[in-house]
Each structure stands twice: as structure tokens, then as C-alpha cells.
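Keep in mind it's a predicted model, so treat the numbers as computed, not measured.
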Amino acid sequence: MSVYLPKQYVECKIVQVGCVLAKIRHNDSIECAGGFKTLTQTELKIMNTFEIFADSSANLPDGLIEKHNINIISYTCIVNGEERLCYVPNGDFTQTAKKFYEDLRNGADVKTSLIDEQRIIEAVTPAMQSGRDAVFITISAGISGTYNQAIEAKKTLEKQFPRCKLYVCDSANASLGEGLLVLKAADLRDMGESAEACAKWINTNAYKLNSYLTVGDLKFLKKGGRISAAAAIAGTILNIKPLIRADGGSPAKLAFYAKERGRKKALTAILEACKTRAVNIENQTVAIAHADCEEDALYLAETLKTQYGVKDVIIEYYDLCTGSHAGPGTVALFFMGKDRKTETLSAQTAVAGKTAVQKN
């Protein structure tokens with residue numbers, strides 16, 4: 001016997017079954033006075049459950065991925081001719097990242113590529129086949145072609161499953177800048193919001209997620225063609241540290257905006273940017289990603305807690321895809337703040353306006 005779920009309960013976690021309240025369970029069943037009943041796909045659709053997908057650039061720790069029921073589609077990289085997944089579920093990412101960045105220090109040849117349309121279709125099909133809508137949040141379209149591949153996948157999937165929708169969102173960020181937006185989408189879903197409402201929130205607020213970083217070694221920016229060989233040599237001799245941020249362009253890119261002499265001054269500049277641009281920082285989750293420079297990440301976290309009143313900080317090794325272009329020693333800070341689109345990124349260095357991470 002089917003359970004009728006009135007339309008007004010579509011976005012509720014507690015729904016009415018007949019004349020009693022029933023609680024939705026994680027195993028697609030409901031608990032009510034009459035016991036348990038497995039939900040049909042129609043009932044699941046009516047109750048507005050949907051799946052959240054992100055590429056592995058989102059950089060989220062396994063614990064948060066599992067807690068928030070997020071699906072990750074991994075990038076791949078080629079290291080000295082050997083293909084590696086950038087993310088393996090329930091793998092030891094810390095050890096994987098340490099080895100990866102050590103390989104880079106030792107001169108490994110690394111190549112990365114986008115996530116193509118077919119892999120996205122394969123990942124999302126089971127959700128839509130079961131009657132669920134999906135939201136896929138990607139790395140900035142200005143950094144990778146994955147977003148455009150997802151748009152093509154959307155056309156194919158919605159044609160194959162006309163009753164379902166795939167909402168594709170450009171995070172306008174990378175690493176945990178993308179990851180924090182993914183977590184917000186999961187929070188909204190768990191509060192009962194629809195896939196469409198979550199996608200709308202991401203599209204409206206992506207440019208309020210601010211990303212600031214500095215690198216440890218200029219040779220990786222030189223290798224990617226972001227700076228000249230002469231500039232890399234001079235910068236290394238003078239201990240110049242470039243400061244990079246996600247800009248306000250459409251699509252957003254990681255761009256140079258300033259430089260400091262010395263690592264400590266570069267870290268201080270990142271903290272100052274946070275102080276100037278963050279909004280209500282004491283009541284938000286702030287994230288730090290590092291490419292095997294944990295001491296600097298801990299320094300940023302401690303300063304944020306003791307001097308800025310931040311209570312919740314995520315620290316994770318930098319995702320391998322974009323991390324391969326920035327190199328070991330990269331450290332990045334991510335927070336919600338002023339809208340990047342409302343400001344013009346001024347050219348403060350000779351390389352201003354160039355992107356710091358090349359597009360896959």
C-alpha cells in the first residue's frame with residue numbers, strides 16, 4: 001500500500017503519513033506508528049531528496065564527506081607516466097599528499113586533466129536513475145574545463161531522465177574555497193531546501209567566498225608559464241613571495257595581486273586580507289589548505305582563533321590537482337566575506353592580471 005505524502009510536506013524532514021507523523025530514515029525508509037516502510041522512488045522524489053556531487057578539487061576531508069553524504073568525482077594526474085587518482089574514498093589522503101608533494105620536490109613530471117563528460121554521466125546516472133535530482137559543484141570554470149563538461153553531461157542526463165534535473169554550479173573557487181560552498185549546499189539540503197534552491201544559493205554567493213594563498217617555490221609557477229625564468233630566479237634570490245587570490249572575473253581565476261619579501265610577511269598579508277574582507281568571521285567555518293607545510297597552516301589557524309575570534313577551522317592538505325601547479329609549500333586561506341565581483345582587481349605587480357594556475 002502506497003503512503004500518500006501531501007505536497008506541503010515535500011521539503012520537510014518530518015512528514016505526515018496518513019494522520020500520523022513519520023520520520024525519514026537514511027536507508028530510504030520511514031518510521032511511523034505502523035512500523036517501517038521502504039519508500040518507493042516516487043515517494044522519495046516527492047520528499048525532495050537529492051544528491052550533491054563535487055569534483056575532488058573541493059578538498060574536503062573524508063569525515064566531512066561521509067557526514068554530509070557528498071559524492072566526490074576524482075581528478076586524475078599522471079606522475080612520471082603513472083596515472084593516480086587525486087582522491088580515493090576512505091584512503092589515507094595525508095600520506096598520499098605527502099608523497100605527492102615530495103615527488104614534486106624531487107622533480108617529478110606531473111600532468112593533470114579535466115573530468116570529462118562521460119565520467120560525470122557515469123557518476124550521476126545512479127542518482128537520477130533512482131528519481132533524484134542532483135547538484136554538481138565544480139572548480140572555477142576559469143581554472144578547469146570541468147564545468148563545461150558538466151554542462152554537456154547535464155544535457156545528456158536530463159534528456160535520458162526527463163523527470164530529473166542536474167544543477168551545475170561554478171564555485172568560482174578552487175580547493176577548500178569550493179569545499180566550503182559544497183558544505184553549505186549540504187547544510188541547506190539537510191534543512192529541507194530543494195536542489196534548485198541550493199543551486200541558486202551557490203550561484204548567488206560563490207563570489208563571496210574569498211580565497212588567498214602564497215606559494216613556497218616560484219619554479220612551479222615558472223613551469224606553468226605564469227612567470228618568466230628570469231623572474232623566478234630573481235624572486236628566489238630576493239625571497240619574493242607572490243600573493244594570489246581568486247579574482248572577481250567571470251569566470252574566476254587565481255590571479256596575482258601583490259608580493260612580499262619573506263614567508264612570514266606573506267602569511268601576515270593573507271591574515272590582513274582576511275581581517276579586511278571577512279564578514280562575521282567569528283560565526284563561520286574558515287578553511288586552510290597546505291601543500292605539505294603544516295606548521296604554517298597551524299600558525300594561521302592559531303592566529304585566527306586567538307586574534308580574530310574564529311571558532312571553527314578546517315585544515316587539510318592541498319588537493320593534488322591544483323596543488324600540482326602551485327607546488328609544495330603553498331598555503332591558502334578561505335572564508336566568506338565581501339563580494340569579489342564588486343571590486344576590480346588592481347595590478348600591483350609586474351605580473352598582475354596573469355593567472356597563477358593554468359587551465360586544464
Side-chain angles (χ1 to χ4, degrees), residues 54-59 75 77 86 110-115 137-151 168-182 202-215 218 220-228 231-232 241-259 266 269-270 273-274 277 287 289 291 318-327 330-360:
D55 57 51
S56 59
S57 169
N59 215 164
Y75 283 96
C77 58
C86 292
V110 177
K111 295 181 175 65
T112 60
S113 60
L114 52 71
I115 298 172
I137 302 168
T138 76
I139 189 174
S140 174
I143 299 174
S144 170
T146 297
Y147 172 81
N148 291 329
Q149 291 292 304
I151 293 297
V168 179
C169 302
D170 180 349
S171 73
N173 280 276
S175 183
L176 282 163
E178 175 188 345
L180 288 176
L181 293 173
V182 173
I202 297 297
N203 292 333
T204 300
N205 292 280
Y207 280 84
K208 295 176 185 176
L209 201 300
N210 287 242
S211 307
Y212 284 81
L213 63 142
T214 189
V215 302
L218 294 174
F220 294 95
L221 297 179
K222 175 183 74 68
K223 183 178 179 181
R226 302 305 95 195
I227 59 176
S228 67
K241 302 299 180 184
L243 296 171
I244 300 165
R245 76 172 187 175
D247 67 16
S250 183
K253 298 179 176 67
L254 292 176
F256 296 100
Y257 77 96
K259 59 185 177 182
I270 289 174
C274 179
R277 296 188 57 79
Y318 212 108
D319 85 273
L320 309 188
C321 184
T322 51
S324 66
H325 299 286
T330 298
V331 62
L333 177 61
F334 309 92
F335 56 89
M336 290 298 292
K338 297 176 183 177
D339 194 329
R340 291 144 41 201
K341 273 199 168 182
T342 63
E343 299 180 354
T344 301
L345 184 61
S346 60
Q348 299 183 37
T349 70
V351 293
K354 288 189 176 182
T355 56
V357 175
Q358 63 186 350
K359 188 170 181 177
N360 288 329

Exercise for review: Measure from the side-chain N and O atoms of Tyr207 to the backbone N and O of Gly249, and report whether any donor-acceptor pair falls under 3.5 Å.
Suggested key: yes
**Study point:** Separation between CG of Leu333 and CD1 of Ile270, rounded to the nearest 0.5 Å
**Key:** 7.0 Å
Review point. How would you list, by chain and number, every residue that makes a salt bridge (charged side-chain N to carboxylate O under 4.0 Å, His left out) with Lys338, sequence neighbours excluded?
Key: none
Exercise for review: State the CG-CG distance between Asn173 and Asn59, to the nearest 0.5 angstrom.
Suggested key: 12.0 Å
Review point. When you measure from the side chain of Asp247 to the backbone N and O of Arg245, does any donor-acceptor pair fall under 3.5 Å?
Key: no
Review point. Are the side chain of Thr146 and the backbone of Ile115 linked by a donor-acceptor contact shorter than 3.5 Å?
Key: yes
Check your understanding: Would you say the side chain of Ile137 lies within less than 4.5 Å of the side chain of Glu178, judging by non-hydrogen atoms?
Key -> yes
**Study point:** From CD1 (Ile244) to OG1 (Thr214), nearest 0.5 Å
**Key:** 6.5 Å
Exercise for review: Enter the distance from Leu176:CG to Phe335:CZ here, rounded to the nearest 0.5 Å.
Suggested key: 13.5 Å
Exercise for review: If the plane angle is over 60° it's perpendicular, under 30° parallel, otherwise tilted; pick one for Tyr257 and Tyr212.
Suggested key: perpendicular
Practice item. Measure from the side-chain N and O atoms of Arg340 to the backbone N and O of Ala246, and report whether any donor-acceptor pair falls under 3.5 Å. Key: yes
Exercise for review: Grab the two heavy atoms, one from Gly327 and one from Ala291, that are nearest each other, plus how far apart they are.
Suggested key: O-CB, 3.5 Å
Exercise for review: Measure the CG-SG distance between Leu320 and Cys77 for me, rounded to the nearest 0.5 Å.
Suggested key: 6.0 Å
Check your understanding: Can you tell me if Ser140 uses its side chain to pair, donor with acceptor, with the backbone of Ala252 under 3.5 Å?
Key -> yes
Review point. Would you say Ser324's side chain and Cys321's backbone share a donor-acceptor pair under 3.5 angstrom?
Key: yes
Practice item. Check whether any side-chain heavy atom of Val215 sits under 4.5 Å from a side-chain heavy atom of Pro242, and report yes or no. Key: yes
Check your understanding: Is Tyr75 close to Ser144 at the side-chain level, that is, under 4.5 Å between some pair of heavy atoms?
Key -> yes
Practice item. Rounded to the nearest 0.5 Å, what's the gap from CG on Asn210 to CG on Leu180? Could you check? Key: 11.0 Å
Review point. Okay, side chain of Ser57, backbone of Ser175: is any donor-acceptor separation there less than 3.5 Å?
Key: yes
Check your understanding: Strictly by modelled atom types, are Asp55 and Thr138 linked by a side-chain donor-acceptor pair under 3.5 Å?
Key -> no
Point to revise | Counterpart residues, side-chain contact (heavy atoms from CB on, under 4.5 Å), relative to Asn203 (two or more places apart) | key: Cys169
